[in-house]
Amino acid sequence: MSVRPLVILPDSRLRLISEPVGPITDEIRKLAADMLETMYDAPGVGLAAIQIGVPRRVVTIDTSKDENAREPRVFLDPEIVWSSEEKRVYDEGCLSIPEYYAEVERPDRVRVRYRDLTGATHEIDADGLLSTCIQHEIDHLDGVLFIDHLSKLKRDRVNKKFVKAAKRGEAA
């Protein structure tokens with residue numbers, strides 16, 4: 001396992017639509033392991049493969065609160081098959097948009113179908129933080145960022161801030 005560099009806004013790769021996983025290979029298993037290592041190192045609770053520059057439909061999540069009782073989950077080709085009409089607002093952040101947080105409204109509960117690393121298909125019902133995290137990460141797979149759920153004014157401010165920071169980084 002290795003920690004991989006994160007793709008940071010305004011990198012255009014964050015807008016790519018990720019490809020299905022296909023057959024589960026050693027390469028996919030290594031990708032998932034590297035993603036978990038990268039997510040824990042950041043630290044974060046979720047990571048989509050595109051956030052390390054790999055446009056595949058792979059998501060890692062761990063919403064456990066205790067570092068000593070980790071509960072890593074790997075979702076291959078996840079899709080939301082049902083979502084509640086009830087909404088919930090959660091203060092979201094993103095490893096690809098460091099140190100920026102904003103309240104985002106999403107469905108309170110979702111049902112997600114996905115494959116695991118053995119190839120088995122599962123469906124789970126998620127609520128609370130897990131529901132928010134799954135929706136956030138699946139958005140990444142479709143080239144959508146959490147700031148896209150904000151007003152145009154807020155989104156433009158965030159984009160401008162990260163474009164300026166990227167330019168300063170190149171000049172340094």
Side-chain angles (χ1 to χ4, degrees), residues 1-63 72-80 83 89-107 110 112-115 129 131-172:
M1 295 191 308
S2 59
V3 174
R4 298 203 198 176
L6 291 166
V7 175
I8 304 296
L9 190 72
D11 194 310
S12 62
R13 290 177 291 176
L14 291 171
R15 296 302 186 172
L16 293 175
I17 296 176
S18 297
E19 297 293 323
V21 170
I24 298 165
T25 62
D26 286 343
E27 177 188 347
I28 293 297
R29 285 187 278 278
K30 179 171 181 358
L31 172 63
D34 288 354
M35 287 173 63
L36 285 166
E37 190 77 13
T38 302
M39 180 183 79
Y40 289 131
D41 182 69
V45 296
L47 189 69
I50 195 62
Q51 292 179 271
I52 58 169
V54 180
R56 299 295 287 277
R57 297 187 80 79
V58 179
V59 165
T60 56
I61 292 177
D62 188 343
T63 56
R73 298 175 186 230
V74 176
F75 299 82
L76 306 178
D77 298 323
E79 61 177 319
I80 295 171
S83 57
V89 174
Y90 196 83
D91 196 35
E92 293 188 30
C94 181
L95 296 177
S96 292
I97 309 174
E99 299 176 23
Y100 181 79
Y101 301 88
E103 289 187 343
V104 176
E105 183 181 70
R106 298 182 184 270
V110 293
V112 179
R113 181 180 301 131
Y114 67 97
R115 294 185 302 147
L129 178 58
S131 172
T132 297
C133 192
I134 287 172
Q135 292 174 75
H136 177 113
E137 300 309 332
I138 289 175
D139 271 358
H140 273 298
L141 302 180
D142 296 324
V144 175
L145 302 174
F146 87 96
I147 59 172
D148 296 337
H149 296 278
L150 306 178
S151 71
K152 182 176 177 354
L153 178 64
K154 285 183 181 177
R155 187 172 53 251
D156 288 348
R157 280 187 190 151
V158 174
N159 278 316
K160 192 177 209 177
K161 174 184 172 185
F162 280 87
V163 166
K164 281 184 180 178
K167 285 180 182 174
R168 280 194 308 271
E170 291 169 8

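Every heavy atom of this structure was used, including side-chain atoms; hydrogens, water molecules and symmetry mates were not. Model, not experiment: these values are computed from the prediction.
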(request) Just jot down the side-chain hydrogen bond (donor to acceptor under 3.5 Å, both in side chains) partners of Y100, sequence neighbours excluded, or say none. (result) none

(request) With side-chain contact (heavy atoms from CB on, under 4.5 Å) as the test, would you mind laying out the steps for R29 and D26 before giving the verdict? (result) CA-CA 5 Å; R29 285 187 278 278; D26 286 343; 2.8 Å; yes

(request) Quick one: closest heavy-atom pair of T38 and V3, and the distance? (result) OG1-CA, 3.5 Å

(message) If the condition is side-chain hydrogen bond (donor to acceptor under 3.5 Å, both in side chains), which residues does K30 pass it with, not counting sequence neighbours?
(response) D34

Only pairs under 3.5 Å count here: list side-chain donor-acceptor contacts from residues 142-153, not counting sequence neighbours, and write none if there are none.
residue: D142; atom: OD1; partner: R57; partner atom: NH1; Å: 3.1
residue: D142; atom: OD1; partner: R57; partner atom: NH2; Å: 3.1
residue: D148; atom: OD1; partner: R15; partner atom: NH1; Å: 3.4
residue: D148; atom: OD1; partner: R15; partner atom: NH2; Å: 3.0
residue: D148; atom: OD2; partner: R15; partner atom: NH1; Å: 2.5
residue: D148; atom: OD2; partner: L145; partner atom: N; Å: 2.9
residue: H149; atom: NE2; partner: D139; partner atom: OD2; Å: 2.7
residue: S151; atom: OG; partner: K154; partner atom: N; Å: 3.2
residue: K152; atom: NZ; partner: D156; partner atom: OD2; Å: 2.7

(request) Compare every heavy atom of V89 with every heavy atom of E103, then report the nearest pair and how far apart it is. (result) CB-CG1, 3.6 Å

(request) Please name the pair of heavy atoms, one in P43 and one in L95, separated by the smallest distance, quoted to 0.1 Å. (result) O-CD2, 3.7 Å

(request) Return the set of residues passing side-chain contact (heavy atoms from CB on, under 4.5 Å) with S131 (not counting sequence neighbours), or none when no residue passes. (result) V110, A126, Q135

(request) Might you point out which heavy atoms bring L9 and L14 nearest each other, and give the distance in Å? (result) N-CD1, 3.6 Å

(message) Run the salt bridge (Lys or Arg N to Asp or Glu O under 4.0 Å) test against R155 and tell me which residues pass, sequence neighbours left out.
(response) none

(message) Can you give me the closest heavy-atom contact between G46 and C133, atom names plus distance?
(response) CA-SG, 3.9 Å

(request) Could you pull out all residues at least two apart from E27 that satisfy salt bridge (Lys or Arg N to Asp or Glu O under 4.0 Å)? (result) none

(request) For side-chain contact (heavy atoms from CB on, under 4.5 Å), just list the numbers for M35 and M39, CA-CA rounded to whole Å, side-chain angles, deciding distance to a tenth of an Å, and then say yes or no. (result) CA-CA 6 Å; M35 287 173 63; M39 180 183 79; over 6 Å; no

(message) I want to check something: taking the side chain as every heavy atom from C-beta on, are V59 and L47 in contact at a cut-off of under 4.5 Å?
(response) no

(request) Quick one: list whatever passes side-chain contact (heavy atoms from CB on, under 4.5 Å) with A32, sequence neighbours left out. (result) V74, L117

(request) Could you check I61 against H136 for side-chain contact (heavy atoms from CB on, under 4.5 Å), going step by step and ending with a plain yes or no? (result) CA-CA 11 Å; I61 292 177; H136 177 113; over 6 Å; no

(message) Under the side chain to side chain donor-acceptor pair (under 3.5 Å) definition, can you give me all pairs with a residue in residues 40-56, not counting sequence neighbours?
(response) Y40-D62, Q51-S96

(message) Taking the side chain as everything from C-beta on, heavy atoms only, tell me whether L31 gets closer than 4.5 Å to R4.
(response) yes

(request) List in chain and number order the residues that pass side-chain hydrogen bond (donor to acceptor under 3.5 Å, both in side chains) with R115, two or more places apart in sequence or in another chain; answer none if no residue qualifies. (result) D77

(request) Write down the atom of I28, the atom of P23, and the distance for their closest heavy-atom approach. (result) CG1-O, 4.1 Å

(request) Not counting sequence neighbours, which residues clear side-chain hydrogen bond (donor to acceptor under 3.5 Å, both in side chains) with D91? List them please. (result) none

(message) I'd like to check the salt bridge (Lys or Arg N to Asp or Glu O under 4.0 Å) partners of R113; sequence neighbours left out, ordered by chain and number.
(response) E79, E123

